[in-house]
Amino acid sequence: MPPPPTSPRRGLRALYPPPAALFRRHFSVAQLPPLSLLPPCPSLHQIRQAHALLVALGLSSSRAALGHLLAACAASPSPSPSLAYSRAVLGQIDVPNVFACNNFIRCLARSAAGDAAPGEALTFYGRMRRGSIPTNNYTFPFLLQACSKGSAVVYGGAQVHAHVVKLGHAGDVFVRNGLVHFYCECRCVGDARKMFDELPDRRDVVTWNAIIAGYARDEQVEVCEELFATMPERDAISWSTMIMGYVQGGLLEKGLGLFREMVERGVAVNEATYVSVLSASAQLGLLEHGQFIHSAIKAVKFPMTITVATALVDMYAKCGCIALSKQEALQLFERFMEEGLCPTSVTFVGVLNACSRAGLVNDGRRHFDSMTRVHGIQPEMEHYGCMVDLFARSGLVAEALEFVEGMRVPPDPVLWGTLLGACKTHGLVDLGVTIGNKLIELEPSHDGHYVLLAGVYAKARNWHNVAKVRQLMSSRGTSKSAGWSLIEAGGRVHKFTAGDREHERSTEIYQTLETIGQRLAEAGYSPDVSCVLHDIGEEEKVHVMKEHSERLAIAFGLMVIEAGHPIRVVKNLRVCGDCHEVSKMISKVFEREIIVRDGSRFHHFKEGSCSCLDYW
DNA sequence: TCGCCGGTCT
């Protein structure tokens with residue numbers, strides 16, 4: 001009888017000897033084949049596969065191998081969900097060496113700022129010192145990165161600085177850059193500058209970029225400009241940092257101008273630049289500009305990374321024009337999910353924010369759910385904020401409150417502020433008063449809280465308590481910041497305050513306001529004075545409101561901005577209800593698109609409606 | 001094994 005044919009299984013087994021034996025034959029332990037096969041940014045799944053191979057190879061307790069596994073965790077694109085895993089890996093090493101420890105600190109440093117993990121890095125460093133595990137120059141950049149994450153570790157960072165000096169690493173450029181970044185991050189740009197000035201020959205382009213970023217964060221744009229002009233060499237990051245400096249300092253047009261210069265000079269535009277410029281477009285509400293950048297990204301076939309996609313989602317969410325593209329952000333999100341990109345927690349802020357602005361309650365619920373359940377992303381305050389805003393604007397105040405109850409962290413003042421805004425809008429006086437008083441207690445010098453609380457009372461026409469809140473505010477030494485509106489025309493910035501008569505064309509402006517008033521009255525407008533918090537007569541209130549700064553700016557815009565072009569106004573405070581209504585009507589009656597960026601969001605007034613869907 | 005920039009809730 002002939003022997004039975006070899007089954008495929010047996011054939012395979014013949015081809016592949018047990019992996020451990022194969023690998024032992026071809027590689028030494030130091031070469032760590034399973035780990036060297038990992039891609040540069042491995043997913044947790046890929047890391048686990050490599051780990052399984054290590055076990056099969058009998059390397060599951062090798063200090064070197066486990067150290068490399070930790071390095072892979074640190075480089076993983078989603079370190080936060082794998083933190084438990086990193087801890088477990090570290091726990092497998094009897095006596096961790098400096099390499100393993102450094103990479104574990106890096107894992108901790110890379111987790112979300114709100115987590116306890118960055119703080120834990122300092123504790124862990126302390127254990128290293130006490131356990132006589134040596135530290136090296138690699139330890140400190142990671143440790144400082146962790147310190148930069150949370151304000152709770154500011155003093156820890158200063159202690160780390162002392163250790164850097166004591167242990168002789170103060171000359172290391174990487175360590176110095178970490179310190180400059182750390183001081184900038186905790187708003188001590190002066191200390192960062194000391195580091196920067198101290199050893200001029202221990203600086204590289206990163207040091208310059210870091211200090212420019214520090215001044216940018218501090219809104220000291222002139223210093224940024226000076227440093228940018230004098231730095232010995234610039235890379236793409238220098239350019240995008242300077243662009244960001246302009247954007248954060250409110251000099252948005254200048255930022256976009258520098259971007260143009262960068263492109264003209266042939267500096268390679270990188271991911272950060274696209275993100276900066278998209279952010280500038282978003283903040284300016286320049287939908288068309290943002291779309292132009294989007295098409296440029298497509299034209300040069302720039303890789304659609306998660307970061308770029310997120311910036312696009314953010315831009316579309318913020319610029320959302322009424323019918324045109326309010327759901328573009330969500331469509332984009334769906335599309336890149338289909339392409340298999342892995343969203344980050346920031347992506348979800350953009351997505352949830354888009355849902356909130358578009359009033360899409362069910363989509364918001366669905367995305368929030370998939371974020372936590374499918375992607376394992378722990379919600380942060382920003383996500384909660386979007387959800388609360390979403391519920392509140394849809395009138396689901398009870399659900400908003402229930403949601404707050406179920407949060408894993410206590411609400412921050414911003415979130416309470418969202419709820420207070422909802423109380424004002426929906427006329428929930430009792431709840432509004434409770435929250436308002438709580439907020440004033442939390443942040444007594446924040447003028448916005450008093451204004452909102454007074455607004456709650458004003459809505460109920462309780463002028464007595466409106467006056468009491470105003471008194472309380474002044475007795476605390478807090479005053480309502482003066483409102484102003486800006487408009488750009490003829491290459492100049494024109495600034496208006498309420499009732500302003502300083503402008504050279506003031507007479508014409510007030511005549512235009514009269515004309516506006518007449519035409520709106522013909523269209524059926526009647527003023528809503530509930531936003532005026534002074535205890536004055538109704539007639540006087542109408543008068544005060546009529547001269548709000550944005551009305552002067554819009555009137556001026558109607559005079560000088562060519563027909564067919566939108567009127568763009570930037571205002572520091574939030575738009576009042578009546579100015580909002582008036583702007584809507586002007587957009588219809590005068591057939592003019594008006595774009596007002598107020599203290600909290602954009603309002604695109606077009607054909608009688610507003611992109612904020614009347615909730616802000 | 002490293003650092004700098006960029007996207008986030010009223």
Side-chain angles (χ1 to χ4, degrees), chain A residues 67-68 70-72 74-75 98-106 109 113 136-145 148 172-182 184 204-214 216-217 235-245 247-248 270-280 282 305-315 317-318 344-353 356 379-390 392 411-422 424 439 446 448-449 452 574 598-601 616:
Chain A
H68 280 281
L70 279 172
V98 60
F99 177 77
C101 290
N102 286 350
N103 280 298
F104 182 64
I105 292 178
R106 194 176 170 210
N136 62 16
N137 51 327
Y138 285 89
T139 313
F140 293 98
F142 298 144
L143 195 55
L144 287 164
Q145 203 178 51
S148 306
D172 185 291
V173 178
F174 280 75
V175 175
R176 295 191 75 79
N177 290 346
L179 281 165
V180 170
H181 174 65
F182 163 73
C184 290
D204 64 5
V205 66
V206 174
T207 329
W208 285 86
N209 291 349
I211 193 79
I212 292 176
R217 212 164 283 146
D235 63 8
I237 290 178
S238 319
W239 286 83
S240 50
T241 306
M242 189 62 230
I243 292 170
M244 220 41 232
V247 172
Q248 278 167 6
N270 64 5
E271 194 184 33
T273 325
Y274 281 125
V275 173
S276 299
V277 177
L278 283 170
S279 165
T305 59
I306 183 67
T307 310
V308 170
T310 299
L312 279 166
V313 168
D314 179 61
M315 186 276 295
K318 289 216 174 100
T344 67
S345 82
V346 180
T347 314
F348 277 101
V349 177
V351 168
L352 297 174
N353 198 10
S356 153
E380 290 157 43
M381 203 55 79
E382 288 85 353
H383 304 106
Y384 290 128
C386 292
M387 291 306 286
V388 170
D389 189 55
L390 172 62
D412 71 352
V414 174
L415 209 142
W416 285 121
T418 308
L419 280 173
L420 182 52
K424 188 193 139 194
L439 263 174
H446 193 300
H449 303 330
L452 267 179
R574 298 222 260 171
D598 76 4
S600 79
R601 66 180 66 238
W616 71 96

I need the [X] [atom1] to [Y] [atom2] distance, nearest 0.5 Å.
{"X": "Leu352(A)", "Y": "Glu382(A)", "atom1": "CG", "atom2": "CD", "result": "11.0 Å"}
{"X": "Leu179(A)", "Y": "Phe174(A)", "atom1": "CG", "atom2": "CZ", "result": "14.0 Å"}
{"X": "Cys386(A)", "Y": "Met381(A)", "atom1": "SG", "atom2": "CE", "result": "12.5 Å"}
{"X": "Leu419(A)", "Y": "Leu452(A)", "atom1": "CG", "atom2": "CG", "result": "11.5 Å"}
{"X": "Ile237(A)", "Y": "Asn270(A)", "atom1": "CD1", "atom2": "CG", "result": "6.0 Å"}

[atom1] of [X] versus [atom2] of [N]: gap in Å, rounded?
{"X": "Leu278(A)", "N": "dT8(B)", "atom1": "CG", "atom2": "P", "value": "11 Å"}
{"X": "Asn270(A)", "N": "dC4(B)", "atom1": "CG", "atom2": "C1'", "value": "12 Å"}
{"X": "Asn177(A)", "N": "dC5(B)", "atom1": "CG", "atom2": "P", "value": "10 Å"}
{"X": "Asp235(A)", "N": "dG3(B)", "atom1": "CG", "atom2": "P", "value": "15 Å"}
{"X": "Met315(A)", "N": "dG7(B)", "atom1": "CE", "atom2": "C1'", "value": "12 Å"}
{"X": "Leu419(A)", "N": "dC9(B)", "atom1": "CG", "atom2": "P", "value": "16 Å"}
{"X": "Phe140(A)", "N": "dG3(B)", "atom1": "CZ", "atom2": "C1'", "value": "15 Å"}
{"X": "Leu312(A)", "N": "dG7(B)", "atom1": "CG", "atom2": "P", "value": "14 Å"}

If you check every side-chain atom of [X], which of [options] has the closest atom?
{"X": "Asp389(A)", "options": "dG7(B), dT10(B), dT1(B)", "result": "dT10(B)"}
{"X": "Phe142(A)", "options": "dT1(B), dG7(B), dT10(B)", "result": "dT1(B)"}
{"X": "Val414(A)", "options": "dC4(B), dC9(B), dC2(B)", "result": "dC9(B)"}
{"X": "Met244(A)", "options": "dG6(B), dC4(B), dC2(B)", "result": "dG6(B)"}
{"X": "Glu382(A)", "options": "dG6(B), dC9(B), dC4(B)", "result": "dC9(B)"}
{"X": "Asn102(A)", "options": "dT1(B), dG3(B), dG7(B)", "result": "dT1(B)"}
{"X": "Val275(A)", "options": "dC4(B), dC9(B), dG7(B)", "result": "dG7(B)"}
{"X": "Asp204(A)", "options": "dC5(B), dT1(B), dG3(B)", "result": "dG3(B)"}
{"X": "Gln248(A)", "options": "dG6(B), dC5(B), dG3(B)", "result": "dG6(B)"}
{"X": "Phe99(A)", "options": "dT1(B), dC2(B), dG7(B)", "result": "dT1(B)"}

Side chains of Leu278(A) and Val275(A): does their closest heavy-atom pair fall under 4.5 Å?
-> no

For [N], take OP1 and OP2 only and decide whether either is under 4.0 Å from a side-chain N or O of [X].
{"X": "Arg176(A)", "N": "dC4(B)", "result": "no"}
{"X": "His181(A)", "N": "dG3(B)", "result": "no"}
{"X": "Gln145(A)", "N": "dG3(B)", "result": "yes"}

At 4.0 Å (heavy atoms only), tell me whether [X] reaches a base, stays on the sugar-phosphate, or touches nothing.
{"X": "Thr241(A)", "answer": "sugar-phosphate"}
{"X": "Val173(A)", "answer": "base"}
{"X": "Asp172(A)", "answer": "nothing"}
{"X": "Ala71(A)", "answer": "nothing"}
{"X": "Asn353(A)", "answer": "sugar-phosphate"}
{"X": "Met381(A)", "answer": "base"}

Does the base of dG7(B) carry an N or O that pairs as donor and acceptor with the side chain of Thr310(A) under 3.5 Å?
-> yes

Would you say whether Tyr138(A) stacks on dC2(B)? The test is a distance between ring centres of less than 5.5 Å and an angle between planes of less than 30°.
-> no

Among side-chain atoms of Asn209(A) and Asn177(A), is any donor-acceptor pair under 3.5 angstrom?
-> no

